[in-house]
Amino acid sequence: MVDMQPNMLSLAGEVALVTGASRGIGAATAEALARAGASVALNYRSSREAAETLAGRLAAGGARLMAVGGDAGDAGQVDVMIEKIESVLGQVSILVNNAGITRDSLLVRMSGEDFDDVIAASLRGAFLCSKAVARGMMKARRGVIINVSSVVGRRGNAGQANYAAAKAGLIGLTRSLARELGPRGVRVNAVAPGYVETDMTANLADGMKEQIIKNTPLGRLAAPAEIAGVIAFLASPAAAYITGGVIPVDGGLGI
Ligand code: NAP
């Protein structure tokens, strides 16, 4: 029997790492986790100033925050990053694999490099970061991993073979790790957002945005905070019996 806690959404005492937290969904997620009481490490690859400014702003609200650079797709950089976080904030108990990029083009024009770069930032990044924190979580017999997939990983999208493959791969990774780590007390879930107002979608081709809105039952794109809220819920004790889930947060686009 699991006791009802006074605040099932509280993350007090947790240490979270959010990859790609300098802007967009990652920044909103770092904010949501910090507001719920977690200490948060904000990872960035190149946007150091943005990550440090956000960490400073959130710390002013009383949370423990740090900005930490590193390419999520590079094993050496991930190991250094985790060491830094654990020496400052303590052992990571919540990992949000959010880092990701797009390099869109039709298959016949897609370079091998564009394919590999997208897989590296998103899928390989999630693998490496999960691997780096899993041992500690298993030893502690608690922890949460949340992967940021996409409606595109479930449905595919012309012009995004690399991105769709990375995001579909994250679903397989999520379900495999949920099976592997569940018996050790670690939950692993994914969110599959629809289209969200961030830098990533700022330059959608003409007419594309209107088409997406038309196909979305809720009739609009999401705000980053609407994805972050679901991630914070999945990280919390309120979601204690959810693992291996792929939660659509897409305004109905994927129905
Ligand atoms: P965004 O605004 O373009 O931000 C991407 C973030 O990822 C930045 O903080 C960037 O850091 C970081 N990043 C990229 N490659 C990295 C790497 N190799 N290592 C570490 N950090 C890296 O993107 P977003 O729209 O917020 O998307 C966040 C996640 O949600 C992505 O995985 C994306 O695929 C997914 N998603 C987005 C949408 C959408 O409509 N926007 C929909 C579904 C899923 P720097 O600033 O330092 O480069």
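Note that ligands are numbered from 1 as they come in the structure, with each ligand's atoms numbered from 1 the same way.
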To the closest 0.5 Å, what do you measure between CZ (R187) and CG (L181)?
12.5 Å
Considering only distance and modelled atom types, tabulate donor-acceptor pairs under 3.5 Å from the side chains of residues 224-234, sequence neighbours left out.
| residue | atom | partner | partner atom | Å |
| --- | --- | --- | --- | --- |
| E226 | OE1 | R220 | NH1 | 3.0 |
| E226 | OE1 | A223 | N | 2.8 |
| E226 | OE2 | R220 | NH1 | 3.4 |
| E226 | OE2 | R220 | NH2 | 2.9 |

Taking NZ, NE, NH1 and NH2 as the nitrogens, is one of them in E180 or R175 under 4.0 Å from a carboxylate oxygen of the other?
no
Straight-line distance of F127 CZ to I119 CD1, nearest 0.5 Å
14.0 Å
Give the table of side-chain donor-acceptor pairs shorter than 3.5 Å for residues 75-84, with sequence neighbours excluded, one pair per line with atom names and distance.
| residue | atom | partner | partner atom | Å |
| --- | --- | --- | --- | --- |
| Q77 | OE1 | D71 | N | 2.8 |

What pairs with R57 under side chain to side chain contact (heavy atoms under 4.5 Å, CB included), at least two apart in sequence or on another chain?
E31, L54
Amino acids in close contact with ligand 1, where any non-hydrogen atom sits under 4.0 angstrom away
G20, A21, S22, R23, G24, I25, N43, Y44, R45, S46, S47, G70, D71, A72, N98, A99, G100, I101, A121, V148, S149, S150, Y163, K167, P193, G194, Y195, V196, T198, D199, M200, T201
